[in-house]
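The structure presented is a predicted model; accordingly, all values stated were derived computationally and were not measured.
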Amino acid sequence: MVKIEPLAADQRQALERLRRRAVGRVSQRAHMILLSARGYTVPQLAEIFDVGEDVVRTWLHRYQQAGCVGLDDRPRPGRPPRARLARQIVDTQASNPPHNSGLVQSCWTAGLLAAFLAARFGLVLSHGSVRRHLHASGWRWARPRLAPATHAPAGQRKVDPEAPVKLKRLEQARATAATLLFLDECDLQLLPIIRACWMKGPRWRVPTPGQNAKRAVFGALNARTGQVHRLICPRKRALDFVAFLDRLAAAYPVGDIVLVLDNVVTHDAKLVRQWLARPDHARFRLLWLPKYSAHEHNPIERVWGLLKDAVAANRLHGSIDALVAEAERFLATRPFAAPDPPAPALPGRVEAA
């Protein structure tokens, strides 16, 4: 068994100096020698430094043969890199879209980037080398995802000029005793939603239906209690939205009600205006969320995300009716945290249908 004999004072001082001042693995090797001289065995050193026993033996042998000089890294075989800054150059150029360099392409490929670097900077790299440098710098080849307009650059982003006024009205409504309901709709589709998940073995295959089917879910989240009211219909029509308003009116027979909703055309249809104009619905008041960013201020959006993750992600239901039943069960049994602190109970409030 390889073992370092007790060290002389000058040897110990040299190793201690190397352990404190050397960089990376050389410091670790000096520490190995010091511990071996104190009686630690090869298996113990391998466990301490999380390396193989053969690695420990290699450096113990090299110290016995050449002293502290033997702990340095030896020159590695192979051709030296053509450009030591190639990785930084590839990373920097990949961060700059092709159209900024006068190209018509919208994104880089390994081949396009290799050709551009050779033509513009004289840096000749193969496609494989460019791909390797990109991976080492944290780049990955993946599909982008569509996002709302709020994710566009500042100069291209649409902003509702009335947004500050609308948000101020919303804050004023929160301070009143009126029932505050956030309204929105979402679609339930028989076609499964694909979500990332842990998997073992071959990549999972999620079957698709022979023919897709869809249902519309009208929802209202009570900002005081977190209670969710819903109505599931075949389509998102103004007539169905009015039926949902009737359900809300039955759930809250007395008291003022503030409906917070986005600017979808269904919410401002002629049937809806006629419903609001009825004398028995005078207690209903509409607050419009800012255009282009309504999803950022509507907490029921989170409910839709939880619903789809729970009942529609990565699995195919036997029918659209089975999917609707699962959605109904989820919304009926899942407690949702109230976006605002609960207000004192108002008289006449009843449970959701």
- Task: Any chance you could lay out the side chain to side chain contact (heavy atoms under 4.5 Å, CB included) test for L180 and R224, step after step, and finish with the verdict?
- Result: CA-CA 7 Å; L180 189 63; R224 319 287 189 191; 4.3 Å; yes
Rounded distance (nearest 0.5 Å) linking atom [atom1] of [X] with atom [atom2] of [Y]:
X    : Y    : atom1 : atom2 : answer
R21  : S27  : CZ    : OG    : 12.0 Å
Q93  : N100 : CD    : CG    : 9.5 Å
F49  : Q44  : CZ    : CD    : 11.5 Å
L85  : D91  : CG    : CG    : 12.0 Å
L276 : R285 : CG    : CZ    : 12.5 Å
N96  : S101 : CG    : OG    : 4.5 Å

- Message: Name the residue from R195, R302, R315 that meets the salt bridge (charged side-chain N to carboxylate O under 4.0 Å, His left out) definition with D309.
- Response: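 It is R195, the one option of R195, R302, R315 that forms the salt bridge (charged side-chain N to carboxylate O under 4.0 Å, His left out) with D309.
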If you compare all heavy atoms of [X] against all heavy atoms of [Y], which two are closest, and at what distance to 0.1 Å?
X    : Y    : result
A220 : I300 : N-CD1, 3.6 Å
F244 : G219 : CZ-C, 3.6 Å
P98  : C107 : CG-C, 3.6 Å
A327 : L188 : CB-CD1, 3.5 Å
D72  : R29  : C-NH1, 3.9 Å
A30  : L15  : CB-O, 3.8 Å

Do [X] and [Y] come within less than 4.5 Å of each other through their side chains, counting heavy atoms only?
X    : Y    : answer
W141 : R131 : no
E296 : E301 : no
L331 : V303 : yes
L289 : N298 : yes
W108 : L103 : yes
S137 : V90  : no
T58  : V55  : no
V260 : W288 : no

Got a salt bridge between [X] and [Y], using NZ or NE/NH1/NH2 to carboxylate O under 4.0 Å?
X    : Y    : answer
K291 : E162 : no
K236 : D187 : yes
R235 : D240 : no
E53  : R57  : yes
D160 : K166 : yes
K168 : E171 : no
D73  : R25  : yes

- Query: Counting only N and O atoms by type, is there a donor-acceptor contact under 3.5 Å from the side chain of R62 to the main-chain atoms of L71?
  - Reply: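 No; judged by distance alone, with no hydrogens or angles, the pair does not exist.
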- Can any side-chain N or O of Q64 pair as donor or acceptor with the backbone N or O of H61 at less than 3.5 Å?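 No.
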Can you hop from [X] to [Y] via hydrophobic side chains spaced under 4.5 Å?
X    : Y    : value
V51  : I48  : yes
V130 : F121 : yes
L245 : V264 : no
I232 : L191 : no
V228 : L306 : yes

- Item | R215/I320 under side chain to side chain contact (heavy atoms under 4.5 Å, CB included): CA gap, chis, key distance, verdict | CA-CA 8 Å; R215 292 292 183 270; I320 189 64; 3.6 Å; yes
- side chain to side chain contact (heavy atoms under 4.5 Å, CB included) assessment of L248 paired with L259: CA-CA 10 Å; L248 295 178; L259 304 178; 4.3 Å; yes
- Decide yes or no on side chain to side chain contact (heavy atoms under 4.5 Å, CB included) for L181 and V258, but give the supporting numbers first. CA-CA 6 Å; L181 300 176; V258 177; over 6 Å; no
- How are the rings of F218 and F241 set relative to one another: parallel (under 30°), tilted (30 to 60°) or perpendicular (over 60°)?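 Ring orientation, 0 to 90° scale: tilted.
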- Message: Let's go through Y252 and H229 carefully: what are the C-alpha distance in whole Å and the side-chain angles of both, what is the deciding distance for ring pair (Phe, Tyr, Trp, His ring centres under 6.0 Å) to 0.1 Å, and is it a yes or a no?
- Response: CA-CA 11 Å; Y252 300 93; H229 304 266; 5.2 Å; yes
Has [X] got more than 12 heavy atoms of other residues, nucleotides or ligands less than 6.0 Å from its [atom1]?
X    : atom1 : result
R169 : CZ    : no
Q274 : CD    : yes
Y40  : OH    : no

Scan side-chain atoms only and decide if [X] and [Y] contain a donor-acceptor pair under the 3.5 Å cut-off.
X    : Y    : answer
H31  : R19  : no
D262 : H267 : yes
S95  : T92  : no

- Query: Is there a ring pair (Phe, Tyr, Trp, His ring centres under 6.0 Å) between H297 and F182 once you walk through the steps?
  - Reply: CA-CA 9 Å; H297 307 286; F182 286 88; 9.8 Å; no
- Query: Aromatic ring centroids of F284 and W275 under 6.0 Å?
  - Reply: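 Yes; W275 has its ring centre under 6.0 Å from that of F284.
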- Item | N314/W204 under side chain to side chain donor-acceptor pair (under 3.5 Å): CA gap, chis, key distance, verdict | CA-CA 9 Å; N314 297 340; W204 285 6; over 6 Å; no
